[in-house]
There are 2 protein chains.
Amino acid sequence: MNSRDLLKQHISKTITLTDEQFDYFYSHFTPLSFKKGQTIISEGDEVDCEYFVLSGCLKAFFINDDVKMYILQFAMPTWWTSDYNALYSHTRATINVDCITDAEVLCLKSADREKLCAEIHQVEHFFRWRTNRGYVASQKRLLSFMNNDAKKRYEELLTLYPELYNLVPKHLIAAYLGISRETLSRLYNAR
Amino acid sequence: MNSRDLLKQHISKTITLTDEQFDYFYSHFTPLSFKKGQTIISEGDEVDCEYFVLSGCLKAFFINDDVKMYILQFAMPTWWTSDYNALYSHTRATINVDCITDAEVLCLKSADREKLCAEIHQVEHFFRWRTNRGYVASQKRLLSFMNNDAKKRYEELLTLYPELYNLVPKHLIAAYLGISRETLSRLYNAR
DNA sequence: TTAATTATGTGACATAGATCACGTCGGGAG
DNA sequence: CTCCCGACGTGATCTATGTCACATAATTAA
């Protein structure tokens, strides 16, 4: 499927736009291609875009003072990603986004998103629901963190996103689960 | 400040409504009073409202199979709370909301929120931004969970919401931090 | 192809935090 | 006033997970 249709199909799950409206909406997106390992957002950057993933897999991650990595989100096709904290509060990026595999994305400038939201009520509705879903997912992950041990969280992740198992290296899965790569290795090799 | 002005001031930080629009908006809210300890949402309930806190303090919490409590959110004046997962996906409540102190709230039915969002573009804008902020806060808390030990999380909480220290019992703070009340006690008694 | 990274497995040990057990204190119900 | 229960403190263990060290496999670069 081409990028236009992928985006159209995606937003059609939440709202209905006329062809004319969608063309206008789509005209604000810029397609970009990245190679495996390339960085899209670095800590300290000014952030003024968010990204809709067309193909490949990205990760949004935080590096702490001990240079340990924590993955906030994997982003696969039809997922959106950015440093939303920086984007909404107009501060410098505190997280990084880079490519786990070669990837194609559509880039939407924050100013254009706000313009589109103001111009087309349905678009505002779409972004409200997208964030709603993100918020609920984030709450669930938080709960899982508090309630479940590493093993359960690992099983939960694989149930939710089985494709990750072969797609991303184990140490990145560990960084998503918030455990060390050694512990993860011991978990699925059943000790 | 009366409830109308409190809500008005709150939404005015994000959007501007005419007096007429605000009166219409406000007419969809129902004021409710609760006593300390009263339950607002129980696991298994059908959820069709969200709540804007006017006074007092609520908690939104999850009880796991071992009857251990995890607090997802404290809700103080001008905060919104509900079981958003249940509310948005039209499923039964999996979390509970009750009153840590006597409390007054404004209740907004989910159907009315959607109606208002559809009728008044600015209202949709308001709710989009409210959820944006919630999403970012939730991501930050998740990161704090992965990156910081119990002590740092405790200090972070007290820096962010110093009023909690005297307002809510320590075992509830522990339930928010995801640690046992014993560990919390040892933390702030510096041992 | 070969060399150099990078990803992964596994043992030994360290440690934050859980759990259990018990004691004290203070405030609300009767 | 007294009694009781919920909040809180603290010692003694236990356990999941981290950390460090080293070995090997699998990719990538050259």
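Chain identifiers are assigned alphabetically (A, B, ...) following the order of the sequence lines, protein sequences preceding nucleic acid strands; residue numbering begins at 1 within each chain.
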Do Trp80(B) and Tyr135(A) make the cut of ring centroids closer than 6.0 angstrom?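 No, the ring centres sit 6.0 Å or more apart.
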For the residue pair Tyr176(B) and Phe74(B), is the inter-centroid distance of their aromatic rings smaller than 6.0 Å? yes
Give the residues of residues 148-182 of chain B touching DNA chain D, defined as any heavy atom closer than 4.0 Å, sorted by residue number. Pro169(B), Lys170(B), His171(B), Arg181(B), Glu182(B)
Phosphate contact (dG9(D) OP1 or OP2) by Tyr188(B) side-chain N/O below 4.0 Å: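 Yes, because at least one side-chain N or O of Tyr188(B) sits under 4.0 Å from OP1 or OP2 of dG9(D).
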Is the phosphate of dG17(C) approached by Thr183(B) (side-chain N or O, under 4.0 Å from OP1 or OP2)?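 For dG17(C), neither OP1 nor OP2 has a side-chain N or O of Thr183(B) closer than 4.0 Å.
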Scan Lys68(B) against the nucleic acid and name what it touches under 4.0 Å (heavy atoms): base, sugar-phosphate only, or nothing. sugar-phosphate
Just the rounded figure in Å: distance from P of dT17(D) to CZ of Arg186(A).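 Rounded to the whole Å, the gap is 12 Å.
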For Leu187(B) and dC8(D), what is the distance between atoms CG and P respectively, to the nearest whole Å?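 The distance from CG of Leu187(B) to P of dC8(D) comes to 14 Å, rounded to the nearest Å.
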Can you confirm if the NZ or CZ of Lys170(A) lies within 45° of the ring axis of Tyr165(A) and under 6.0 Å from the centre of its six-membered ring? yes
Looking at Tyr88(B), I'd like to know if the NZ or CZ of Arg133(A) sits under 6.0 Å from its six-membered ring centre while staying within 45 degrees of the ring's axis. no
Please answer whether the main-chain N or O of Thr14(A) pairs with a side-chain N or O of Arg130(A) as donor and acceptor at a distance below 3.5 Å. no
Tell me whether Asp83(A) is salt-bridged to Arg92(A), with the criterion being a basic N under 4.0 Å from an acidic carboxylate O. no
